[in-house]
Amino acid sequence: MDNIRVFLSSFLFLVCSLAQFCHSIDTLTKSQSIKDGDASGNLISTDEKFELGFFSPGNSTLRYVGVWYHKIEEQTVVWVANRNNPVSNKNGSFSIGSDGNLMVLDGNSNAVWSSNASIESNTTAAKLTDDGNFILASSENIGAVDKAYWQSFEHPTDTYLPGMRVRVNPNTGDNHAFASWKSVSDPSLGNYTLGVDPHGAPQIIIWEHMKRRWRSGQWNSVIFTGVPDTANLASFLYGFKLSPPESDGSMYFTYNPAIASDLLRFRISWDGHEEQLRWNEGNKNWTITQRQPDNKCELYNHCGDFGICNKLESPKCRCMDGFVPKHVEQWNRGNRSDGCVRRTKLQCERNGSVAAQNGGGEDGFKGFECMKLPDSADILQLGQSESCEERCLQNCSCTAYSEITGIGCMIWSGNLVDVQEFNKGGSILKIHIRLADSELGGKRAISNAVIIVVVVVGSFVLAISAWLFWRFKGEIEALCKDSPMSCCKSSNVKIIDPSSREFSLDLSGPSEGFVIDGSQVNSADLPMYNFNAVAAATDNFSEENKLGQGGFGPVYKGKLPEGQEIAVKRLSRKSGQGDEEFKNEIIMIAKLQHRSLVRLMGCCIEGEEKMLLYEYMPNKSLDFFLFDPEKQGLLDWTKRFSIIEGIARGLLYLHRDSRLRIIHRDLKASNILLDEEMNPKISDFGMARIFGGNQNEANTLRVVGTYGYMSPEYAMEGLFSVKSDVYSFGVLLLEIVTGRRNTSFRTSDYCSLIGYAWHLWNEGKAMDLIDPKIWESCDREQAKRCIHIGMLCVQDSAMYRPTMASVVLMLESEAPTIPIPRQPTFTSRRSSVDVDCFSEVHDTVSSNDLTVTMVAGR
Ligand SMILES: *[C@@H]1O[C@H](CO)[C@@H](O)[C@H](O)[C@H]1NC(C)=O
Ligand SMILES: *[C@@H]1O[C@H](CO)[C@@H](O)[C@H](O)[C@H]1NC(C)=O
Ligand SMILES: *[C@@H]1O[C@H](CO)[C@@H](O)[C@H](O)[C@H]1NC(C)=O
Ligand SMILES: *[C@@H]1O[C@H](CO)[C@@H](O)[C@H](O)[C@H]1NC(C)=O
Ligand SMILES: *[C@@H]1O[C@H](CO)[C@@H](O)[C@H](O)[C@H]1NC(C)=O
Ligand SMILES: *[C@@H]1O[C@H](CO)[C@@H](O)[C@H](O)[C@H]1NC(C)=O
Ligand SMILES: *[C@@H]1O[C@H](CO)[C@@H](O)[C@H](O)[C@H]1NC(C)=O
Ligand SMILES: *[C@@H]1O[C@H](CO)[C@@H](O)[C@H](O)[C@H]1NC(C)=O
Ligand SMILES: *[C@@H]1O[C@H](CO)[C@@H](O)[C@H](O)[C@H]1NC(C)=O
């Protein structure tokens, strides 16, 4: 019996491999051909994802050879062979010709299309692979991409599929890799092409014929900077990657979907839009997750040279500061094609005598934030001690410069083309535009009369506003409560999420210096207390009043004469700043107000004594509850999630406030205080700014931080950025979900919570991580998403960590496309070497979360 069965199955297998009447053949050989009208001869990839054969698009009756998704009923064609030469009846065939090339033949056996590759082998075969590539190679190397004579991925039509490589080569110029169909029913070459402009920092471009129609903005090695934040989140933020240059200077863009099993494609639609589509298995249709250009402002240079487009403003177009419409009449009629021109010539453009007449001072720069940076930038390699600004000033034809992390120093010569202003978003893109001296301050131009009017009107408005604030204090407070601040103007944006539900996200917030407390009308005015007053309030800094020892000195509880309770931080270290500088810094920090930040109520500077007065938080700090077996249960899942959200929003506010952009650098459970309702309040923000100096991404000499919360690049190289805070946030998030300390985490195999969490998450056992105390109250999906986000935040490479803006979006949007995190190795690989465990080091330093300050090498 067994023998017969074996024989039968071998026989069937043989028949299947030789003959054409079996399904699921993925390879075309010389002896075969695909005949139109006989769909059983079509090639189908091994995993049955893709199919190749003859088809007619839309209403057309013409016949084309193409590749489409096998299992999707609504025929979705991703590649067409003979797009410009269809077969007019159903008598065509597709086969391998005598020269080894692929051929489409009409009823009279005339070739209407050939792969036209130069082939050295006598016998070739072509295979349809699981990623949708159709590869022609010698019959010894069937399906081998690197041995291919020809492959459809190198001759795409209008569709990009994950797995394709798009060449970027500055020496060969623009690469119009994809060309639109003419219409839904006509795959022949349309008016639009999509591809990459390799000049400088590469950009994705849509051309209409040869004219630019849209561009993605410069690639900063993580995202395309000119794509609005939200669209970036849907697709651009993650997934794209640019390979290092090969010997001929070519680099390649590739795209990896966040979820490997997703059916995703990008295409240039027949009407000129770049679209990302995702198959929605539930609805059985394709969802457009992202589409560009999406509004008029995104059309190339919509407002003309030196114009700025803002889609929320009316009219959308305006000239840059210091510029006026070239033809005012045309401009006012809505014809912006001529753009704007400089109001005052640059000093360097004027001739000597003229310059003298104008009393010309030197040209300078004015900065603008949140801009889609102009097209045609040059990237400069700066020498040591050279600044981008100086380099731009040296050349009169340089009109603007910008320094962007991931790109470097960019300068623009001549006109500034295609500038758009974003209303919000993580794109902290600042451009410095060159202006004549008189355009910069503008003070000289303002007469005394104007000043008087401004002062009178200003005071009146102020008085009215003050009264209004006082009158409607409650309402305003309620209004502002939920909104973290973004670096740009407030707005509501819509993003299309992959499940095709639209949702809007409001990240607007109170304007700068806005103070709700009625006693503080002038925001620049931080109450200064004298030492005696503070001493009296804290009962002379008595031991009973001591709340704890924070990173920068002891903290005392106090009571002001009016009865208000406060917490006083007595700074024990020298700030390295003068008193005046210190005071300015404190006032700046006091202006940061958000419901998730502890409020600074005053300060005291007297000689060596420097103290900060905060609002008092009765519920102590998060670690007090989170890591105490008795109290853990008090924080149920709802509370924990709202704490996570609160911290994320507070941190987003710190990272994006336009003036300060605070990096916390010491985020940890003991720095999260809790108010009466257990709302989280981040404390100690701005401390690094006072003590650590420069707040840009930088290499710092002093590392301020806490073991277990420090990102690898910060702990090892002293490199910090907003992404190091994201790392700390990730650790904190995992701690909140698990109820366990990262630093004192120990099992036989793992010495850090992160390594352990990764292990469980990776095995699909994320739920095992959750604090048993909250199993009952836990929303499983939400908790899983939190762990997923936590894993993204603690990735070794800062580049792959999301920004806080994305974190907030991911936490709140339920967007299903969250990228897959990479395994964190920094903490987990130490598991075998006990002594190296951070917990070990930590435990010997102190039993509680002490802040460690160490001096890195010079
Ligand atoms: C096909 O033709 C019908 C009638 O002419 C038209 O309504 C429909 O829009 C066409 N469909 C496509 C995909 O072109
Ligand atoms: C296609 O082939 C069929 C039969 O093979 C024949 O009857 C028909 O005339 C052919 N059509 C054309 C246009 O050659
Ligand atoms: C085939 O390729 C050769 C060079 O490789 C080129 O000269 C010729 O025009 C091509 N033919 C077609 C039909 O594309
Ligand atoms: C191709 O075939 C010719 C004769 O038909 C033979 O001489 C040659 O060696 C073959 N080449 C290869 C690569 O097999
Ligand atoms: C393509 O361009 C031609 C000529 O410029 C125009 O007539 C036609 O309407 C355009 N088609 C599309 C789809 O825009
Ligand atoms: C997809 O299907 C759902 C449900 O059938 C429908 O609501 C939605 O509009 C469809 N989307 C598109 C793009 O057709
Ligand atoms: C816009 O103005 C330019 C030059 O001033 C002119 O050539 C062009 O025809 C105008 N366009 C429209 C639509 O009026
Ligand atoms: C400078 O002066 C020369 C001669 O007087 C004139 O030809 C030139 O156009 C001037 N340049 C500018 C920028 O005004
Ligand atoms: C100034 O910039 C222009 C345009 O980039 C360039 O052609 C020229 O050589 C530069 N001049 C100097 C002196 O660098």
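If you're wondering where the values come from, they're calculated on a predicted model, not measured in any experiment. Atoms within a ligand are numbered from 1 in the order they appear, just like the ligands themselves.
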- Going by atom types only, do T46 and D26 share a side-chain donor-acceptor pair under 3.5 Å? yes
- Item | Between S188 and R83, a side-chain donor and acceptor under 3.5 Å | no
- Query: Which of the atoms in ligand 6, numbered in the order shown and given with their element, are less than 4.0 Å from a heavy-atom of W286?
  - Reply: 13 (C)
- Query: Any N or O of N285 that comes nearer than 3.5 Å to an N or O of ligand 6?
  - Reply: yes
- Item | Numbered atoms of ligand 5 (with element) below 4.0 Å of N191, judged on heavy atoms | 1 (C), 2 (O), 3 (C), 8 (C), 10 (C), 11 (N), 12 (C), 14 (O)
- In short, ring pair (Phe, Tyr, Trp, His ring centres under 6.0 Å) pairs touching residues 303-342 with sequence neighbours left out are F306-F323
- Message: When you measure from the heavy atoms of H209 to every atom of ligand 5, does any distance fall below 4.0 Å?
- Response: yes
- Message: Please report whether the SG atoms of C309 and C297 are separated by less than 2.5 angstrom.
- Response: yes
- Task: Please step through side chain to side chain donor-acceptor pair (under 3.5 Å) for the pair R167 and S250, ending with a clear verdict.
- Result: CA-CA 6 Å; R167 186 198 299 273; S250 293; 3.0 Å; yes
- Contact partition for Y192 relative to ligand 5, non-hydrogen atoms under 4.0 Å: side chain
- Message: Taking the basic N atoms (NZ, or NE/NH1/NH2) and the acidic carboxylate oxygens, is any pair closer than 4.0 Å for D418 and R215?
- Response: yes
- Message: Strictly below 4.0 Å, N to O, side chains only: are R333 and E329 in salt-bridge contact?
- Response: yes
- Rounded to the nearest 0.5 Å, what separation is found between the NZ atom of K71 and the CG atom of L263? 9.5 Å
- Task: With a 4.0 angstrom cut-off on heavy atoms, strictly below it, pick out the residues next to ligand 7 and order them by chain and number.
- Result: Q330, N335, S337, D338
